[in-house]
Asker: 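Take a look at the following structure, please.
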There are 2 protein chains.
Amino acid sequence: MPDPSNSGESLLFLTDENLRKGIEAMFFAYRGFTADPDRILEDMDYGRAHHRAVHFINRSPGTTVGNLLTILGVTKQSLNRVLRTLFDDGLVEARVGKQDKRERHLYLTDKGRSLERALSDAQRARMRAAYRAAGPSAVQGFRTVLEAMMDAEQRRQYQGQNQGSKEGT
Amino acid sequence: MPDPSNSGESLLFLTDENLRKGIEAMFFAYRGFTADPDRILEDMDYGRAHHRAVHFINRSPGTTVGNLLTILGVTKQSLNRVLRTLFDDGLVEARVGKQDKRERHLYLTDKGRSLERALSDAQRARMRAAYRAAGPSAVQGFRTVLEAMMDAEQRRQYQGQNQGSKEGT
DNA sequence: TTGGAATGTCAACAAGGCTGACGTATATTA
DNA sequence: TAATATACGTCAGCCTTGTTGACATTCCAA
């Protein structure tokens, strides 16, 4: 809660001009945000889609294909194309579920972990530089605004790992 | 400058875990950020690329094709495909430069302005809600971190409109 | 046992990136 | 003035990553 006491006083930060600035900040910053991993990826034969898959499999080892579909918000056909190349290249392995044998639980292999490491090192380096330059309280604000910008569904994914449907692994 | 006085004390905000959270926040928030305009666009035959073009032409009326290429960071072939449909549909018009007749200066038509308005209204509404929920100081931090996350080149575009090469219009 | 869920896969398509090559004004410079 | 460089457009072809639709398999649960 942002302090509703100053009604009319400092609502200046809601100016259209300020909002436009925020919009462009998102646009330009997102470019920077993806630039470093993109450079690494284009040397291999991978793209951003592979990065996302690898990231979330690393975050929640043993997650199912269905979970991943929900998080990434793409169709299974699209995800499957990406996963297949990751299987073929030995970066990800799928184990048939013990309880439910229809499910495939996804894990990074050593090779997969090492790619993940390379990608996230690069991305974290930029994030760390930005955090350091901005300072802790700015970071706090950064996270607060981004969180408020998400759809409710995404916010749940972001905050709780996941809660609604199924518990990964 | 973030206050270098607390060395070692509150550097906790630079944790890998915190950075990972920031990374995912960017990912999920960007989805929300583009969701509303995307919904409008898919009803017409346009995509995000059209949105970006329209946005920046609106921001800097009379900007040249070359300027737009720099800002958007795409190839002229890619931009041209988008611009052509915008011309054909009467959303954007190009005027031959007075000083340099090789240049085309881009302007939104009334129709273009009305699409731009619809798109940016939607996007601003979400941004406004996020800003309001987060409060002014969070917004300050949000902008600071995003700015620090940009490449130097993009930061120049973001801050000064543009300075290095050519003055738009 | 039967319906539906979870998954995989084939095929076709579209948007929007990219490269390379070429053409045409127009400007600038030697 | 002639040569070169710039701004822009366009044709052709390629790639990634998204989409829909259809269909098969396996398995859970009522």
Side-chain angles (χ1 to χ4, degrees), chain A residues 30-31 34-35 37-39 41-54 62-89 92-106 164-169, chain B residues 27 30-31 34-35 37-39 41-54 57 62-88 92-106 165-169:
Chain A
Y30 199 78
R31 279 247 287 276
T34 56
D38 282 356
R39 261 187 292 274
L41 288 159
E42 75 175 344
D43 291 344
M44 7 252 310
D45 248 14
Y46 298 131
R48 228 174 259 182
H50 300 83
H51 182 188
R52 290 196 281 264
V54 164
T63 192
T64 64
V65 174
N67 278 336
L68 213 47
L69 284 176
T70 308
I71 290 176
L72 297 176
V74 298
T75 59
K76 62 177 176 175
Q77 293 89 332
S78 195
L79 175 58
N80 215 259
R81 186 166 36 200
V82 167
L83 283 182
R84 208 180 319 156
T85 74
L86 293 174
F87 293 150
D88 292 350
D89 296 351
V92 172
E93 62 178 25
R95 299 182 203 153
V96 173
K98 284 168 192 162
Q99 277 112 54
D100 188 333
K101 294 181 188 162
R102 290 168 306 179
E103 295 182 336
R104 308 296 151 98
H105 297 272
L106 304 171
S165 35
K166 50 210 62 173
E167 301 294 331
T169 296
Chain B
F27 173 68
Y30 199 79
R31 278 247 285 279
T34 55
D38 281 357
R39 261 186 292 274
L41 287 159
E42 76 176 343
D43 291 344
M44 5 253 310
D45 247 15
Y46 297 132
R48 228 174 259 180
H50 300 83
H51 182 187
R52 290 195 282 264
V54 163
I57 294 172
T63 191
T64 64
V65 173
N67 278 336
L68 212 48
L69 284 176
T70 308
I71 290 176
L72 297 177
V74 298
T75 59
K76 63 176 176 177
Q77 293 90 330
S78 195
L79 176 58
N80 216 259
R81 186 166 37 199
V82 167
L83 281 182
R84 210 180 317 157
T85 74
L86 293 175
F87 293 149
D88 292 351
V92 173
E93 62 179 25
R95 300 181 203 152
V96 173
K98 285 169 192 162
Q99 277 115 54
D100 189 332
K101 293 182 190 162
R102 291 169 307 179
E103 295 180 335
R104 306 296 150 99
H105 298 270
L106 304 171
S165 35
K166 50 210 63 174
E167 302 295 331
T169 296

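Only a predicted model underlies this, so the values are computations on that prediction, with no experimental measurement involved. Order of the sequence lines fixes the chain letters, A, B, ..., with proteins taken first and strands second; residue numbering starts at 1 for each chain.
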Asker: A:Leu69 CG to D:dG18 P: how many Å, rounded?
Answerer: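 Distance check: A:Leu69 CG to D:dG18 P gives 11 Å.
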
Asker: Rounded to the nearest angstrom, tell me the gap between atom CG in B:Leu106 and atom C1' in D:dC8.
Answerer: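 That distance rounds to 11 Å.
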
Asker: Can you check whether A:Thr75 has a side-chain N or O nearer than 4.0 Å to OP1 or OP2 of D:dG18?
Answerer: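 It does not, given that no N or O in the side chain of A:Thr75 lies less than 4.0 Å from OP1 or OP2 of D:dG18.
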
Asker: Just call it for B:Arg81: base, sugar-phosphate, or nothing, with non-hydrogen atoms closer than 4.0 Å on any strand.
Answerer: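 Result for B:Arg81 = base.
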
Asker: What nucleotide, of C:dG8, D:dC8, C:dC18, holds the atom closest to the side chain of B:Thr64?
Answerer: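 Nearest nucleotide to the side chain: D:dC8.
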
Asker: Looking only at non-hydrogen atoms, find the nearest pair between A:Leu41 and A:Gly47 and report the distance.
Answerer: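 Smallest heavy-atom distance, with atoms named: CD1-O, 3.6 Å.
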
Asker: Would you please test A:Leu68 and A:Leu106 for side chain to side chain contact (heavy atoms under 4.5 Å, CB included) and show each step?
Answerer: CA-CA 9 Å; A:Leu68 213 47; A:Leu106 304 171; 3.6 Å; yes

Asker: Between P on D:dG18 and CG on B:Leu41, what's the gap in Å once rounded to a whole number?
Answerer: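 Going from CG in B:Leu41 over to P in D:dG18 covers 18 Å.
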
Asker: Of all residues at least two apart in sequence or in a different chain, which pass the ring pair (Phe, Tyr, Trp, His ring centres under 6.0 Å) check with B:His50?
Answerer: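 B:His50: ring pair (Phe, Tyr, Trp, His ring centres under 6.0 Å) contacts with B:Tyr46.
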
Asker: Whole-Å distance between D:dT17 P and A:Glu42 CD?
Answerer: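 After rounding, the gap between these two atoms is 12 Å.
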
Asker: List the residues meeting side chain to side chain contact (heavy atoms under 4.5 Å, CB included) with B:Arg104, not counting sequence neighbours, and say none if there are none.
Answerer: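 Testing B:Arg104 for side chain to side chain contact (heavy atoms under 4.5 Å, CB included), a comparison that skips the adjacent residues, returns B:Val65, B:Ala94, B:Val96.
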
Asker: What pairs of nitrogen or oxygen atoms, one from the protein and one from nucleotides 10-12 of chain D, lie under 3.5 Å apart?
Answerer:
from	atom 1	to	atom 2	distance (Å)
D:dT10	OP2	B:Asn80	OD1	3.2

Asker: Any donor-acceptor pair under 3.5 Å between the side chain of A:Arg102 and the base of C:dA5?
Answerer: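 Such a pair exists between side chain and base.
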
Asker: For the atom pair CG (B:Asp38) and CZ (B:Arg48), what is the distance rounded to the nearest 0.5 Å?
Answerer: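 Rounded to the nearest 0.5 Å, the CG-CZ separation comes to 4.0 Å.
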
Asker: Take the protein atom OH of B:Tyr46 and the nucleotide atom P of C:dA14, then report the distance between them rounded to whole Å.
Answerer: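 Spelled out: OH on B:Tyr46 to P on C:dA14 is 18 Å.
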
Asker: Where along residues 94-101 of chain B does a heavy atom fall under 4.0 Å from DNA chain D?
Answerer: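 Within residues 94-101 of chain B, no residue comes under 4.0 Å of DNA chain D.
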
Asker: My understanding is that only residues two or more places apart in sequence, or in another chain, count here; which of them pass side chain to side chain contact (heavy atoms under 4.5 Å, CB included) with B:Arg84?
Answerer: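 Checked B:Arg84 against side chain to side chain contact (heavy atoms under 4.5 Å, CB included); matches are B:Asn80, B:Asp88.
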
Asker: In whole Å, what is the span from the CG atom of B:Leu72 to the P atom of C:dG17?
Answerer: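 Distance, rounded to whole Å: 8 Å.
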
Asker: Taking only the side-chain nitrogens and oxygens of A:Arg52, find out if one of them lies under 4.0 Å from OP1 or OP2 of D:dG18.
Answerer: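 Checking A:Arg52 against D:dG18: at least one side-chain N or O falls below 4.0 Å of OP1 or OP2.
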
Asker: Rounded to whole angstrom units, what separation is found between the CG atom of A:Leu68 and the P atom of C:dA6?
Answerer: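 Distance check: A:Leu68 CG to C:dA6 P gives 15 Å.
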
Asker: Who are the salt bridge (Lys or Arg N to Asp or Glu O under 4.0 Å) partners of A:Asp89, not counting sequence neighbours?
Answerer: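 A:Asp89 satisfies salt bridge (Lys or Arg N to Asp or Glu O under 4.0 Å) with no other residue.
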
Asker: Test of understanding: with side chain to side chain contact (heavy atoms under 4.5 Å, CB included), list the residues that count as partners of B:Gln77, not counting sequence neighbours.
Answerer: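 Applying side chain to side chain contact (heavy atoms under 4.5 Å, CB included) to B:Gln77 gives B:Thr75.
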
Asker: If every non-hydrogen atom of B:Lys98 is compared with every non-hydrogen atom of B:Lys101, which pair is closest and at what distance?
Answerer: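 B:Lys98 and B:Lys101 have their closest heavy atoms at O-CG, 4.3 Å.
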
Asker: Could you pull out all residues at least two apart from B:Arg31 that satisfy side chain to side chain contact (heavy atoms under 4.5 Å, CB included)?
Answerer: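 Partners of B:Arg31 by the side chain to side chain contact (heavy atoms under 4.5 Å, CB included) criterion, ordered by chain and then number, come out as A:Gln154, B:Phe27.
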
Asker: For A:Arg81, which residues count as a side chain to side chain donor-acceptor pair (under 3.5 Å) partner, sequence neighbours excluded?
Answerer: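 Once residues adjacent in sequence are excluded, A:Arg81 has no partner under the side chain to side chain donor-acceptor pair (under 3.5 Å) criterion.
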
Asker: Closer than 4.0 angstrom, basic N to acidic O: yes or no for A:Glu93 and A:Arg95?
Answerer: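 The answer is yes: the pair qualifies as a salt bridge.
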
Asker: Between the axis at one end of the helix from C:dT1-D:dA30 to C:dA30-D:dT1 and the axis at the other (five pairs apiece), what's the angle to 10 degrees?
Answerer: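 Helix axis angle between the two ends: 20°.
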
Asker: Would you say A:His50 places a side-chain N or O within less than 4.0 Å of OP1 or OP2 belonging to D:dT17?
Answerer: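 For A:His50, the contact criterion (side-chain N or O under 4.0 Å from OP1 or OP2 of D:dT17) is met.
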
Asker: Can you measure A:Arg104 atom CZ to D:dT26 atom C1' for me and round it to whole angstrom units?
Answerer: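 So the two atoms are 8 Å apart, to the nearest Å.
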
